[in-house]
Chemist: 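Below you will find the structure I want to go over with you.
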Amino acid sequence: MNLATEAADATGSGPAALEVTDASVAIGGRPVLRGITLGVPAGQFVALLGANGSGKSTLVRAVTGLRPLSGGEVRLFGTALADFGDWHRVGFVPQRASAASGVPASVWEIVASGRLTRRRWLRPLRRHDRRAIADALEVVGLADRARDGVATLSGGQQQRVLIARALAGEPELFVLDEPTAGVDLPNQRTLATSLGLLKERGATVLLVAHELGPLAPLVDRAVVMRDGRVAYDGPPLVEDDEHASLLDARHAHHHHDHHPGPVQHPHAPHVASPLDAAADREGHPWTS
Amino acid sequence: MDILTLDFMVRAMIAAAFTGLAAPAVGTYLVQRRLALMGDGIGHVAVTGVALGLLTGTSPTWTAVIVATLGAVLIEVIRERGHANGDVALALLFYGGIAGGVLITGIADQSANQLNAYLFGSITTISGADVWATMALAALVIVVCVGLMPQMFAVAQDQEFARVAGLSVRFHNVLVAVLAAVTVTVAMRTVGLLLVSALMVVPVATAQQVTRSFRTTLGLAMGLGTVASLGGLVLSAFASYQWRVSPGPTIVVLALAGFVVMWPIGAWLRRRQRLRAPFAEVPVIGHDVTDEEHPHVHGDDCGHPAVPHGDHVDYVHDGHRHAPHGSHYDEH
């Protein structure tokens with residue numbers, strides 16, 4: 001039994017929302033991700049952290065099928081990625097500076113396009129579709145801007161539009177690629193409120209971030225990427241703590257003893273490799 | 001008014017109306033994907049198709065449809081493979097298409113005049129069969145562009161999201177390319193291959209000056225396209241009593257005139273919208289009373305923009321933001 005399925009069994013609720021087993025990705029023949037193993041049980045809020053170029057966005061693109069794997073396996077809700085067809089169960093928020101394009105589009109129209117995962121061709125919107133769209137706008141606090149052109153919104157508001165679009169499909173697993181990039185603090189707080197609502201509703205969240213900021217209290221588990229590998233996987237570290245000492249502590253003892261916390265972290269792929277030693281030498285891996 | 005009831009004129013007007021509806025419909029998706037010049041690229045490729053028709057003695061319309069479609073798909077493939085930027089891919093086809101067309105026309109021993117009819121349009125010489133072909137192809141384009149709007153909008157808006165939503169991005173991209181190729185050949189008789197892109201793009205550019213949503217942009221662009229192509233045709237018909245005026249350029253100039261009229265309106269609307277955008281709610285630092293006696297009472301229709309600011313309203317007034325406070329105004 002591999003570690004990821006072990007993690008899923010620990011929560012005792014069916015297959016994990018996301019299971020990555022020994023996955024590697026090569027871009028143009030150059031290995032970018034190597035040996036990634038990661039299981040995300042249903043209902044967990046996972047933050048994927050790491051420096052620029054550490055491979056966190058590539059990992060997110062690999063689990064959503066946007067990047068082909070060069071090895072290993074990705075399973076969504078227990079189904080291998082190649083056979084996976086229930087895309088309405090996944091809500092993706094790509095990394096985009098703006099939600100606008102060459103032609104004006106209203107906030108409502110963009111959010112409504114998220115409903116396509118559940119709509120058939122040439123069918124009009126049903127009442128339930130409209131309710132889901134209105135609800136998504138409500139969650140991100142933009143219900144009063146529905147009719148406005150998306151280009152007139154601020155950067156932070158446009159990020160919330162993209163989240164509402166993912167939300168409109170009523171997915172179980174959210175994958176967000178740097179939703180807080182380039183968003184000011186007040187808007188990050190609003191974003192955190194929206195994501196907090198999702199978490200209360202039991203959504204599984206995999207979120208890529210450079211730094212957590214106001215999202216920190218929501219995070220159940222932090223996965224830190226470094227140079228295409230998982231460098232840390234466990235309870236979120238408190239940002240103000242002395243990072244180096246935490247990492248040292250982690251090596252001295254098994255860190256479960258140190259962070260009792262909400263122990264739902266399945267946490268398997270603890271990599272004790274030369275890489276970790278390197279991380280220690282150079283200090284905190286995700287501030288480098 | 002007699003001229004409008006002549007057979008050739010009626011045929012021309014039907015063709016113009018259908019072209020005017022179809023071209024901006026595809027054009028909206030091209031502009032949305034920031035590929036406004038794609039219609040031009042396909043138009044140039046279609047020149048080779050027309051020349052092949054002249055060479056082989058088959059209908060230039062159908063050879064143009066085939067060659068333009070192949071060219072459009074080729075542009076998509078080059079773009080998708082990422083070997084060249086979208087604009088470089090277009091440039092390659094621009095030059096290849098026009099050079100091939102002129103070369104083949106020469107080999108076919110046809111005069112340049114023959115090609116001119118396709119380069120700049122010759123809507124008044126359109127045959128009955130061509131009108132039917134135009135109507136059928138244009139109707140197909142309109143039905144797909146309007147019927148598949150949710151899917152095509154989503155893919156053009158955000159390809160990555162569309163892919164994760166389970167839509168086939170490649171299918172939709174090729175679909176838009178093929179629709180654009182069909183539209184180019186349909187509009188070839190109306191405005192000509194060299195001006196076809198104008199009918200696809202200019203009405204969209206005009207419409208988006210005043211619209212806020214995709215759906216209204218698409219609808220308004222189709223309306224403006226029809227007005228321009230019908231209006232341009234009729235205008236040129238009456239003008240031709242006096243001057244040598246061809247319909248193709250008249251249609252395009254009329255469409256551009258529409259843009260020139262709409263642009264200041266759009267600029268004014270955008271300015272007004274910016275003025276009325278609510279001010280950010282920030283904790284007040286101090287209580288700043290306006291300096292002198294205020295000679296003016298702000299109100300609902302005092303002429304100064306009233307902008308929401310938290311729980312009250314600020315009146316924008318000579319670079320100040322005046323908020324009523326008891327008997328005086330605060331500077332916010």
Side-chain angles (χ1 to χ4, degrees), chain A residues 28 60-61 63-67 84-96 98-110 112-125 129 144-154 162 165-166 168-169 171 175 177 184 186, chain B residues 24 27-36 38 82 143-144 146-169 171-172 201 204-205 207-218 220-221 266 269-270 273-274 276-278 280-282 308:
Chain A
V60 156
R61 294 171 63 80
V63 301
T64 47
L66 290 169
R67 264 279 169 229
F84 187 74
D86 295 339
W87 287 108
H88 61 262
R89 300 179 77 179
V90 180
F92 179 50
V93 181
Q95 185 178 5
R96 287 193 65 170
S98 159
S101 66
V103 167
S106 70
V107 170
W108 188 90
E109 283 176 315
I110 293 193
S113 70
R115 199 62 201 163
L116 279 175
T117 52
R118 290 181 183 270
R119 282 176 71 191
R120 302 252 156 267
W121 284 36
L122 297 172
R123 300 272 177 80
L125 285 170
D129 294 321
D144 55 331
R145 305 297 302 268
R147 300 270 150 222
D148 288 348
V150 75
T152 63
L153 270 57
S154 71
L162 296 181
R165 177 177 64 178
V175 180
D177 196 355
D184 63 7
Chain B
T28 308
Y29 294 104
L30 293 180
V31 174
Q32 193 193 8
R33 294 173 55 196
R34 303 187 200 280
L35 281 175
M38 180 141 174
V143 165
V144 174
V146 175
L148 294 186
M149 185 166 70
Q151 283 81 9
M152 287 166 69
F153 168 79
V155 172
Q157 185 72 24
D158 189 336
Q159 306 215 352
E160 290 190 350
F161 175 80
R163 192 118 72 95
V164 178
L167 294 168
S168 167
V169 169
F171 169 78
H172 284 91
V201 170
V204 182
Q208 66 181 1
Q209 295 300 315
V210 295
T211 55
R212 283 184 298 182
S213 77
F214 185 82
R215 192 194 303 239
T216 49
T217 310
L218 181 69
L220 185 58
L269 280 175
R270 281 190 293 275
Q273 196 179 20
R274 259 200 307 278
R276 292 181 190 268
E281 235 178 306
V282 177

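First the proteins, then the strands, lettered A, B, ... as listed; each starts at 1.
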Chemist: How many angstroms lie between CG in A:Leu162 and CG in B:Asp158, if you round to the nearest 0.5 Å?
Modeler: 7.0 Å
Chemist: Output all residues satisfying ring-ring contact (aromatic ring centres under 6.0 Å, His included) with A:His88, sequence neighbours left out; order by chain, then residue number.
Modeler: none
Chemist: Pick one of side chain, backbone, both or neither for A:Ala100, based on which atoms fall under 4.5 Å of a heavy atom in chain B.
Modeler: backbone
Chemist: I need the minimum non-hydrogen distance between B:Thr28 and A:Val103, along with the two atoms involved.
Modeler: O-CG2, 3.5 Å
Chemist: Give a yes or no on whether a salt bridge exists between A:Arg96 and B:Glu160, defined as a side-chain N under 4.0 angstrom from a carboxylate O.
Modeler: no
Chemist: Heavy-atom distance under 4.5 Å to chain B: side chain of A:Leu66, backbone, both or neither?
Modeler: both
Chemist: Taking all non-hydrogen atoms of both residues, which atom of B:Gln208 and which atom of A:Pro104 are closest, and how far apart?
Modeler: OE1-CD, 3.1 Å
Chemist: Counting only non-hydrogen atoms closer than 4.5 Å, does B:Thr211 touch chain A with its backbone (N, CA, C, O), its side chain (CB onward), both, or neither?
Modeler: both
Chemist: Is it the side chain or the backbone of A:Ala112 that comes within 4.5 Å of chain B heavy atoms, both, or neither?
Modeler: neither
Chemist: Between chain B and each of A:Val175, A:Val107, A:Ile110, A:Asp86, count heavy-atom pairs under 4.5 Å; write down the option with the most.
Modeler: A:Ile110
Chemist: Can you tell me if A:Glu109 uses its side chain to pair, donor with acceptor, with the backbone of B:Phe214 under 3.5 Å?
Modeler: yes
Chemist: Tell me, side chain or backbone of B:Phe161 under 4.5 Å from chain A's heavy atoms, or both, or neither?
Modeler: both
Chemist: Relative to chain A, which of B:Leu167, B:Val204, B:Thr216, B:Thr217 shows the most heavy atom pairs under 4.5 Å?
Modeler: B:Thr217
Chemist: Which bit of B:Leu30 is near chain A, if near means a heavy-atom gap under 4.5 Å: side chain, backbone, both or neither?
Modeler: neither
Chemist: Which of the residues A:Arg147, A:Arg61, A:Arg118, A:Arg165 is involved in the greatest number of heavy-atom pairs with chain B at under 4.5 angstrom?
Modeler: A:Arg165
Chemist: What residue, out of A:Gly149, A:Ser113, A:Ser101, A:Ser106, has the most heavy-atom pairs lying under 4.5 Å from chain B?
Modeler: A:Ser101
Chemist: Return each pair, listed once, that meets salt bridge (Lys or Arg N to Asp or Glu O under 4.0 Å) where at least one residue sits in residues 209-218 of chain B; pairs must be two or more places apart or across chains.
Modeler: A:Asp148-B:Arg212
